[in-house]
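Taking it in order: structure first as structure tokens, then the write-up.
Throughout, numbering of the chain's residues begins at 1 and tracks the sequence. Side chains included, hydrogens not; waters and symmetry mates left out as well; all remaining heavy atoms used.
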Amino acid sequence: MEDNTLIAAIQSGNEAAFRQLVEHHQDRVVNTCYGYVHDAEDAEDLAQEVFIEVHRSVHQFRGDAKLSTWIYRIAVTKSLDHLRAKKRKKRFSSLFRTSIDDGAATALSDGAATPDQQLEDEQRKQILLHAIQQLPDQQQTAFTLSKYEDLSYKEIAEVMDTSVASVESLLFRAKKNLQKQLHDYYHQYYKKNMG
């Protein structure tokens, strides 16, 4: 079904059309949310919230952007709101918080890696995720949509309602910021541990 037909059907109360929309966009919405929250359960919960919001505000959809772009915008907003609420609740979260589920998944998928290597990989991942979460919202959004969703600059510009040049600039600054944060982190780490 075309976007316009689908939206018209949903706006007229067709639940089957809404289910079709959810089925079509669910995986990408979950992935988008996961790109921010890095927790599978939270991403699933947020995706549900996104589709509740879509259902609630579908009458406001005017078709000035693609349907998928509109849904991405809602997913990004919900994810950022979730992160802000989490930061307010827990100002200082541990950098090396490791998830048992992630550890188990790594152990199952990579039998060749030693426990030390697995721990090191997990720590590296956590450091990078922490660094991404420190980026300003706009940089974090551009970086997440690029890295985790593999969207083109044009698609990111549509989701963020900005120009391609702005997206390029945001991604450039995000990468610079990440390099600096990671350099500073490892510099401090080695100074502390290597004396």
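- Separating the CD1 atom in Ile156 from the OG1 atom in Thr69 is a distance of 11.5 Å, to the nearest 0.5 Å.
- To the nearest 0.5 angstrom, Asn31 atom CG is 11.0 Å from Asp150 atom CG.
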Item to complete: Could you go through the side chain to side chain contact (heavy atoms under 4.5 Å, CB included) check for Thr32 and Ile71 one step at a time?
Response: CA-CA 10 Å; Thr32 300; Ile71 294 171; over 6 Å; no
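- Ion pairing between Asp81 and Lys78 fails under the 4.0 Å rule for side-chain N and carboxylate O.
- Ring planes of Trp70 and Phe61: tilted class, angle from 30 to 60°.
- A single hydrophobic cluster is seen to contain both Ile7 and Val29, as judged by linkage of ILVMFWY side chains at heavy-atom distances under 4.5 Å, directly or through other members.
- The salt bridge (charged side-chain N to carboxylate O under 4.0 Å, His left out) test applied to Lys147 returns no partner, not counting sequence neighbours.
- Residues passing the salt bridge (charged side-chain N to carboxylate O under 4.0 Å, His left out) test with Arg28 are Glu149, sequence neighbours excluded.
- Asp39 is linked by a side chain to side chain donor-acceptor pair (under 3.5 Å) to nothing, counting only residues two or more places apart in sequence or in another chain.
- The backbone N or O of Glu155 lies less than 3.5 Å from a partner atom in the side chain of Ser152, making a donor-acceptor pair.
- With sequence neighbours left out, the ring-ring contact (aromatic ring centres under 6.0 Å, His included) criterion links His24 to no other residue.
- Looking only at distances, no side-chain donor or acceptor of Ser146 sits under 3.5 Å from a matching main-chain atom of Ala142.
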Got a list of side-chain donor-acceptor pairs under 3.5 Å for residues 166-174, not counting sequence neighbours?
{"residue": "Ser166", "atom": "OG", "partner": "Thr162", "partner atom": "OG1", "Å": "3.3"}
{"residue": "Ser166", "atom": "OG", "partner": "Ser163", "partner atom": "OG", "Å": "3.0"}
{"residue": "Ser169", "atom": "OG", "partner": "Arg173", "partner atom": "NH1", "Å": "2.6"}

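- There is a side-chain donor-acceptor pair under 3.5 Å between Thr141 and Tyr36.
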Only distances under 3.5 Å count here; give the side-chain donor-acceptor pairs of residues 46-53 to other protein atoms, sequence neighbours excluded, each with its distance to 0.1 Å.
{"residue": "Glu53", "atom": "OE1", "partner": "Arg56", "partner atom": "NH2", "Å": "2.6"}
{"residue": "Glu53", "atom": "OE2", "partner": "Arg56", "partner atom": "NH2", "Å": "3.2"}

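- Electrostatic pairing of Glu158 and Lys154 counts as a salt bridge here, judged by a charged N lying under 4.0 Å from a carboxylate O.
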